[in-house]
Number of protein chains: 2
Amino acid sequence: MPGRERRSRLIDIIRLRGFAALDELVRELGVSESTIRRDLDALEEQGTARRTHGGVLYAGGLPRIAEFDEKQPANWEAKRTIAAATAKIIDDEETVLLDGGTTTYEVARLLAGRSLQVVTNSMPVANLFASESRTDLILLGGFVSPRTGVCLGPYTNELLSRLHVTTTVLSAAGISKQGLFNAQLLLAETEQAMLRAAGKVIVVADSSKFGRKSLTLVSGLEAIDIVVSDSGLSKEWQQTILDAGPRLILADIPAEDIDSVATDATAANTNMAP
Amino acid sequence: MPGRERRSRLIDIIRLRGFAALDELVRELGVSESTIRRDLDALEEQGTARRTHGGVLYAGGLPRIAEFDEKQPANWEAKRTIAAATAKIIDDEETVLLDGGTTTYEVARLLAGRSLQVVTNSMPVANLFASESRTDLILLGGFVSPRTGVCLGPYTNELLSRLHVTTTVLSAAGISKQGLFNAQLLLAETEQAMLRAAGKVIVVADSSKFGRKSLTLVSGLEAIDIVVSDSGLSKEWQQTILDAGPRLILADIPAEDIDSVATDATAANTNMAP
DNA sequence: CAGCAGACGATCGAATGCAATCAAATAATG
DNA sequence: CATTATTTGATTGCATTCGATCGTCTGCTG
């Protein structure tokens, strides 16, 4: 095989799999280890790949969504337990509308593979379901915001106006007595459209969000059916939410071990408030 | 540090970077190599990570689209040169509508980072542009086909009916004297909608596609402005296409070295047919 | 045809990573 | 408080991978 073609196939293999072991490549391309090594060195040189002990990583890969690249997503642990508690109250065969945001993304991860219909305007979320044959995915189109990877704008809203779902999972930049706040004007409009399409409305927000306002008011608390947060939420806020109408679910930081946290919706101890 | 927190941070680090070397983790978490190994074994057990020699890969990540996972996409080399030739005839500041398919995906890769407006119904394509601030991205929503990752159905088509673009890049399962064929009924409808939204229509198809029919006729040849293929296309077909109206561009397998193939749109020698 | 350059494959010592084992530290339990 | 699990860290022998070197093959050029 001519070197050009080999290296070309090499790139393809690496790009496709994200990672390839060296002996794997030796077998598949039918050349010696030395040759593969030399090719890999060249690829690393030019920046297409990154070598590791025993393999290569693709380096020219997909650019990542900025929001998901932060070093330490704020209150990560809390968000994960909230996500686990939320996934638990969603039943199979439902039609679920998922908002963008890191918390809803965690919810989505836990829902992946379940038998559901999922509607979303978030590309990161959609990617989780795109190849899941057990989950039907409806993507809301529109203008894609580069920072967050969510679809926005009039097209998105109009598509939403024709849909109806059983459950909507919304995120929020802040929650005050007046209701839900969001930091982006266009997104607020889209979330309002989501509320109109919704049956049951679930809002996921870690305790740091309460008492914080943001750019625009999305809706009042009375439009929300369930609020899921973590146990760090003060008694006062718990009462405020309950008085305004929504049910409140507080997810505890679980005491279980690593297995349940990462993979299992049963990880969180959910405390139903009265 | 309690084990729970350490493992949690471990997941975060791995998820964030996609890959982490073992000694890296030892340093950053300040625990012994043995401990990291054990944690990693647990993560692998539960499927969150995949171990390699000297490191870990994140496994809970994005599931991949089936069509892009084939071992050897047919005529890969040809598709890439076609893509390079196509990217060359698209100017900055245009509004480009990109169809799904592996060839259009290659075109998309070459367009990423350029100053364009891109409209697409393909999630793999959209992912390439999602975080590119220099490229505006409009995603056509709709029902997502799990195998190909493209949006289909009435919502998609209706959204298309309200858009107009300067250039449309279409793929095809087959091209005969009657015109463009496609293998999926719903996709054919969507592609027809794309043609209605189009200014200039470019069809990308490697030479093996010619003379092949498929499930449904999408459109006649007269609706096409430019056909881009590879130099393997027979004289007869070249004449057939030209007689029917479209301009024809044949991309040669380039003689350059590996750099230009992987990164540069200038790789292909494009031969204009008269 | 001779000479030369580049690509390839094989080999080997050095470096690195791996799994298993055991002892110490820490946490849980009665 | 004593005992028992669990978790962690260190050690050891073994397997894998690495990079460098060298000889061979191929194709080009004069």
Side-chain angles (χ1 to χ4, degrees), chain A residues 1-14 17-59 77 252-262 264 267 269, chain B residues 1-14 17-59 77 253-262:
Chain A
M1 173 179 351
R4 253 195 50 73
E5 186 195 332
R6 186 191 58 242
R7 276 185 288 268
S8 170
R9 279 182 59 188
L10 202 54
I11 296 176
D12 290 341
I13 291 175
I14 297 168
R17 308 191 193 163
F19 175 87
L22 203 134
D23 54 7
E24 226 173 273
L25 295 170
V26 169
R27 251 178 290 119
E28 291 180 44
L29 297 180
V31 293
S32 81
E33 192 184 289
S34 303
T35 302
I36 297 286
R37 275 217 173 75
R38 277 185 278 257
D39 288 346
L40 260 36
D41 286 344
L43 287 194
E44 178 155 51
E45 182 78 20
Q46 83 176 56
T48 310
R50 203 180 108 209
R51 298 201 50 183
T52 75
H53 252 261
V56 244
L57 294 164
Y58 186 61
E77 194 70 12
D252 258 335
I253 309 291
E256 284 90 322
D257 73 357
I258 194 167
D259 301 79
S260 31
V261 174
D264 201 331
N269 302 323
Chain B
M1 176 181 344
R4 253 197 52 71
E5 185 197 330
R6 183 190 61 240
R7 277 185 287 267
S8 171
R9 279 182 57 187
L10 202 52
I11 296 177
D12 290 341
I13 291 176
I14 298 169
R17 307 193 195 162
F19 175 87
L22 205 133
D23 53 7
E24 225 172 274
L25 295 170
V26 168
R27 250 178 293 117
E28 290 181 43
L29 298 178
V31 292
S32 80
E33 191 184 290
S34 304
T35 303
I36 298 286
R37 275 219 169 74
R38 276 186 281 257
D39 289 346
L40 259 37
D41 286 343
L43 287 194
E44 177 154 55
E45 181 78 19
Q46 78 175 55
T48 309
R50 205 179 106 210
R51 299 203 47 185
T52 74
H53 258 260
V56 246
L57 294 165
Y58 186 62
E77 196 69 14
I253 310 289
E256 282 91 324
D257 72 357
I258 192 168
D259 300 80
S260 33
V261 173

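Throughout, protein chains are lettered first and strands after them, A, B, ... in sequence-line order, and every chain is numbered starting at 1.
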Report the C-alpha distance between A/V56 and A/L43 in whole Å, list the side-chain angles of each, state the deciding distance to 0.1 Å, and finish with yes or no for side-chain contact (heavy atoms from CB on, under 4.5 Å).
CA-CA 10 Å; A/V56 244; A/L43 287 194; 5.9 Å; no
Could I get a table of every N or O pair under 3.5 Å where one atom is in the protein and the other is in nucleotides 12-17 of chain D?
{"residue": "D/dT17", "atom": "O3'", "partner": "A/G54", "partner atom": "N", "Å": "3.2"}

What's the [atom1]-[atom2] distance between [X] and [N], to the nearest Å?
X: B/R6; N: D/dG9; atom1: CZ; atom2: C1'; answer: 11 Å
X: A/D39; N: C/dG6; atom1: CG; atom2: P; answer: 17 Å
X: B/L29; N: D/dT7; atom1: CG; atom2: C1'; answer: 16 Å
X: A/E45; N: D/dG19; atom1: CD; atom2: P; answer: 13 Å
X: A/R38; N: D/dG19; atom1: CZ; atom2: P; answer: 12 Å
X: A/L10; N: C/dC8; atom1: CG; atom2: P; answer: 12 Å
X: A/I36; N: D/dC18; atom1: CD1; atom2: C1'; answer: 15 Å

Looking only at heavy atoms, what is the nearest atom pair of A/L57 and A/F19, with distance?
CD2-CD1, 3.5 Å
Between A/V26 and A/V31, which heavy-atom pair has the shortest distance, and what is it?
CG1-O, 3.2 Å
Sequence neighbours excluded, the answer for side-chain hydrogen bond (donor to acceptor under 3.5 Å, both in side chains) partners of A/D23 is none
Can you see if the side chain of A/T35 gets near the phosphate of C/dG9 - specifically, an N or O under 4.0 Å from OP1 or OP2?
yes
The helix from C/dC1-D/dG30 to C/dG30-D/dC1: angle between its terminal axes, five pairs each, to 10°?
20°
Once you round to the nearest 0.5 Å, how far does CZ of B/R7 lie from CZ of B/R38?
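Rounded to the nearest 0.5 Å, the CZ-CZ separation comes out at 10.5 Å.
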Atom pair CG (A/D39) and CD1 (A/I14), whose distance is rounded to the nearest 0.5 Å:
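Answer rounded to 0.5 Å: 9.0 Å.
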Side chain of A/R7 (C-beta onward), nearest among C/dG9, C/dC8, C/dA20
C/dC8
